[in-house]
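Heads up: numbering here begins at 1 and tracks the sequence.
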Amino acid sequence: MELNDGNLQTLTEYLQKTLSPDPAVRRPAEKFLESVEGNQNYPILLLTLLEKSQDEVIRVCAAVTFKNYIKRNWRIVEDEPNKISDPDRTAIKANIVNLMLTSPEQIQKQLSDAISILGREDFPQKWPDLLTEMVNRFQSGDFHIINGVLRTAHSLFKRYRHEFKSNELWSEIKLVLDTFAQPLTELFKATIDLCQTHATDVNALKVLFSSLTLISKLFYSLNFQDLPEFFEDNMETWMTHFHNLLTLDNKLLQTEDEEEAGLLELLKSQICDNAALYAQKYDEEFQPYLPRFVTAIWNLLVTTGQEVKYDLLVSNAIQFLASVCERPHYKHLFEDQNVLTSICEKVIVPNMEFRSADEEAFEDNAEEYIIRDLEGSDIDTRRRAACDLVRGLCKFFEGPVTGIFSGYVSSMLTEYAKNPGVNWKHKDAAIYLVTSLASKAQTQKHGITQANELVNLCEFFVNHILVDLKSPSVNEFPVLKADAIKYVMTFRSQLPKEQLLEAVPLLVAHLQAESIVQHTYAAHALERLFTMRGANNATLITPAEMAPFTEQLLNNLFKALAIPGSSENEYMMKAIMRSFSLLQEAIVPYIPTLIGQLTHKLLLVSKNPSKPHFNHYLFESLCLSIRITCKANRDTVGSFEEALFPVFTEILQNDVQEFVPYVFQVMSLLLEIHTSSIPSSYMALFPHLLQPALWERTGNIPPLVRLLQAYLEKGATTIASTAADKIPGLLGVFQKLIASKANDHQGFYLLNSIVEHMPPMFGMVVEKIIIPEVQKVSGQVEKKICAVGITKILTECPAMMDTEYTKLWTPLLQALIGLFELPEDDSIPDDEHFIDIEDTPGYQTAFSQLAFAGKKEHDPIGDAVNNPKILLAQSLHKLSTACPGRVPSMLSTSLPAEALQFLQGYLQAATVQLV
């Protein structure tokens, strides 16, 4: 693609179309961009557009498209073609930093992310001047540029927070610290000085405080793996300024907005994180500074309001206290009963209250609420932080803390009982308090696995939880109902089975609740209960115990998918999948109705797939329907094909990339169930499965290989007779797969099926590969494996004696004797003479094999066969006993005299003879 106005115009038009809400306009435009992204200059055209286009929307769209293009294509995968040309790579790295720093903030963020992807792959080896270029920009004095550098550095270095330790990582961090730590510290001090200079200029302060927040984030990333010497030496500078910033209150930076956190809150939140990191990991070095941070953060907590904008700050501040109180070093700070009471009263209880903002989210933003409350998203909530603090305090002070909170729980429940309609939030807080007190250890699979013995969970369930679950109106007090359901889910491993069985029909009824949170929690709770294991690893709840509720369960689950806001509810679909899995053949009577509903849902979501988990569980549910029904009656496979094929055809024709691999898997399952030959509907599709374009997408490879294996297993003879011209294509797929290290095993799966099922293939492999090439095998263990395998083919494979393969029997035996007796064939094929040393396996510039450090070879056959020659003699004797006269006559007519002589030697050594 040339860098000219015509191409820029074309690209602008297609980018415009990708923003269309109409799939008929959007999809073809996305397809076009995908088809041209392999061309040279494509990324440079995108960068030119985002720099020079007059249309702001197009500039942002080009930036997003460029970032996604880099995300998909920048990494160079071994054995796969380089998707971005070297000149383009060089041009991108030469221009992107400058372009990012001079772009508006919205575009700057996209390019900053792109730089972090480039850096992840190329920094430092292939992009050594990146850091120097960035650090030099600190001198510019322009905080738009400085913040661009800081934002990019943050996206580059934040991975240090979750990378595993390695020498490579540490040498990279050392390089970064040597180049970056000193300038960052100087910038930090200079920025703080500027804040005092511009203390009355609100616009300047906003820019400076966003810089301080980014600097604080970088501090966290650079200190995460270990305490760097530089930061230890400069701890006084950093901690003094951090402490001053925590106690700072500038009226100009306070915001009117109650929802959105302001710059001051974001900075203080990050400083709380930094202090918690040092308190947890470097407590000895941090000890002199700890008391003043505890005091500052305590004051922060007791003076900060309940508004949503303070949530991050409060939860990080509480997390700091939680990390401090868990360390034996700091235990003395919390031993006083008055301190514990004060923490409970002023920090924990107020932050467990259900605020009007939470109620709003519960009703109007259910998805976000569920992610935060159920999944423990990255956005820490006040409640979760308070819960962690309770858990931390219980580590050393379980008795006193439980005593203090028991009083609070009792008084909250008493308040609720006085007027449930008005005081229901008191009960909500009480349930949350009990949950946080009782939870000691938790896993995703089992819920709470270790509980506080001072809390009677079963008694609380009977007295306070069942009441809400049994309430005749499922839509009354939805928050308390959701709390009750969550209690069952959380403590499922602690409650006895009879209480869980009592809860099951109640949970099934709650699937009909209008509240999205409530019916989602009910679905999730049922799904978790259905995975629990009892004696002998069987499911704790059996299909027989579910029999009275099966119909209502299935009805309510599918009805819930029709409730507004839950049409693609992944918890609901996962519960459907798990119900099918638990109930097994009990679902067969309902399948004719359910399969129609599932295929209709599949057709709808295939128009615009947006929920990957929902889609996955939908296909899992389809597979379970097929497996369970066809296990009971194989003939029903046709009715499934009738229902599914129209939708599958549409998905394949529209190339819905997210669904194509799923479709191939379901088709494999259906085809494997067939007992007779391949139906014509499958044969019509066969040629399309060999198209190279399909095999370009890595996600298609495993399901396509499995589908081809199913074709070979069920209809190799049909393929050989009606689609013989496609066999070279099949072998072409095999060759493409074994040329890639990532997919060579898939190639061999395919080859195994070809050899096993295609009539002429076995003979071809023996004649064209094994007989001529076995002489090249080297190594004692490898030779032994080949010898045992060939012996088994000769003597235990009936087809070698009575079919068209018989003519290969003697040449194969001769090749085996040659393997035993002839010198190894170490000649190199002509086209392999000029391999560069870097390409030679086992030798790389950074690795030279040490002869005396060699790995002891593993012999998979071991002592089962000590001498392969003796095994051959004994196996031939056994074969000749089964077919008297056959073996000697085959040997005498076509085995050369010299080979025959060696064979006689083996027979004598084994003291056997042929009959």
Side-chain angles (χ1 to χ4, degrees), residues 100-101 105 108-113 115-117 119-120 123 130-131 134-135 137-138 143-163 169 172-173 176-177 179-192 194-195 205-228 230-231 234-235 237-239 241-246 248 253 260-282 286 293 297 311-313 315-317 319-320 323 378-380:
M100 181 270 295
L101 295 175
E105 193 169 325
Q108 199 177 70
K109 284 179 177 169
Q110 298 298 331
L111 292 180
S112 175
D113 285 348
I115 291 173
S116 75
I117 299 162
R120 173 89 205 223
F123 175 77
L130 170 64
L131 269 194
M134 284 165 58
V135 168
R137 303 303 179 108
F138 284 165
F143 270 84
H144 175 72
I145 288 177
I146 289 170
N147 281 356
V149 172
L150 292 172
R151 201 172 284 118
T152 304
H154 172 53
S155 55
L156 268 176
F157 304 154
K158 67 182 174 191
R159 69 185 180 88
Y160 300 158
R161 302 174 180 196
H162 47 75
E163 290 269 319
L169 177 69
E172 183 184 319
I173 294 176
V176 168
L177 289 165
T179 317
F180 209 79
Q182 181 70 48
L184 186 71
T185 307
E186 295 306 323
L187 180 68
F188 182 46
K189 292 192 289 191
T191 310
I192 284 177
L194 285 168
C195 287
L205 284 177
K206 282 180 178 173
V207 175
L208 293 168
F209 268 76
S210 57
S211 303
L212 288 172
T213 305
L214 286 164
I215 291 169
S216 301
K217 286 176 186 287
L218 286 165
F219 177 90
Y220 189 89
S221 299
L222 295 175
N223 283 272
F224 191 88
Q225 288 281 339
D226 202 356
L227 178 57
F230 177 87
F231 285 105
N234 289 273
M235 199 183 292
T237 301
W238 284 91
M239 292 305 156
H241 287 314
F242 279 159
H243 180 261
N244 292 341
L245 289 167
L246 265 185
L248 177 82
L253 287 169
E260 198 72 36
L263 288 166
L264 204 54
E265 290 79 51
L266 291 172
L267 175 60
K268 289 183 178 185
S269 303
Q270 187 56 50
I271 292 171
C272 289
D273 262 358
N274 295 352
L277 176 74
Y278 265 55
Q280 268 180 314
K281 297 184 86 165
Y282 317 124
F286 187 58
F293 273 92
I297 287 172
D311 283 5
L312 181 66
L313 173 57
S315 65
N316 282 4
Q319 289 291 2
F320 167 78
S323 60
D378 293 341
I379 312 157
D380 284 318

statement: Shortest non-hydrogen pair, P228 vs N223, comes out as CD-OD1, 3.3 Å
- request: Classify the ring geometry between F293 and F286 as parallel (under 30°), tilted (30 to 60°) or perpendicular (over 60°).
  value: tilted
query: What closest approach, in Å, do L266 and A261 show between heavy atoms, and which atom pair accounts for it?
result: CD2-CB, 4.1 Å
- request: Determine the interplanar angle of the Y278 and Y282 rings, folded into 0 to 90°, and report it as parallel if under 30°, tilted if 30 to 60°, perpendicular if over 60°.
  value: perpendicular
message: Return the CG to CD1 distance between L187 and I215, rounded to the nearest 0.5 Å.
response: 4.0 Å
task: Answer yes or no: is there an ion pair linking K268 with E265, defined by an N-O contact shorter than 4.0 Å?
output: no
message: On a heavy-atom basis, which atom in A276 and which in S323 lie closest, and how many Å separate them?
response: CB-OG, 3.7 Å
Shortest non-hydrogen contact from L212 toward I192: CD2-CG1, 3.9 Å
message: Is it the case that atom NZ in K206 sees more than 12 heavy atoms from other parts of the structure closer than 6.0 Å?
response: no
message: Could you measure the distance from the OG atom of S221 to the CZ atom of R159? Nearest 0.5 Å is fine.
response: 11.0 Å
query: What pair of heavy atoms forms the shortest contact from D273 to Y220, and how long is it?
result: O-CE1, 3.5 Å
task: Mark yes or no for whether Q225, through its side chain, and E163, through its backbone, hold a donor-acceptor pair below 3.5 Å.
output: yes
- prompt: If you measure only the distance, is there a donor-acceptor pair under 3.5 Å linking the side chains of D113 and S155?
  reply: no
F219 ring center within less than 6.0 Å of F188 ring center: no
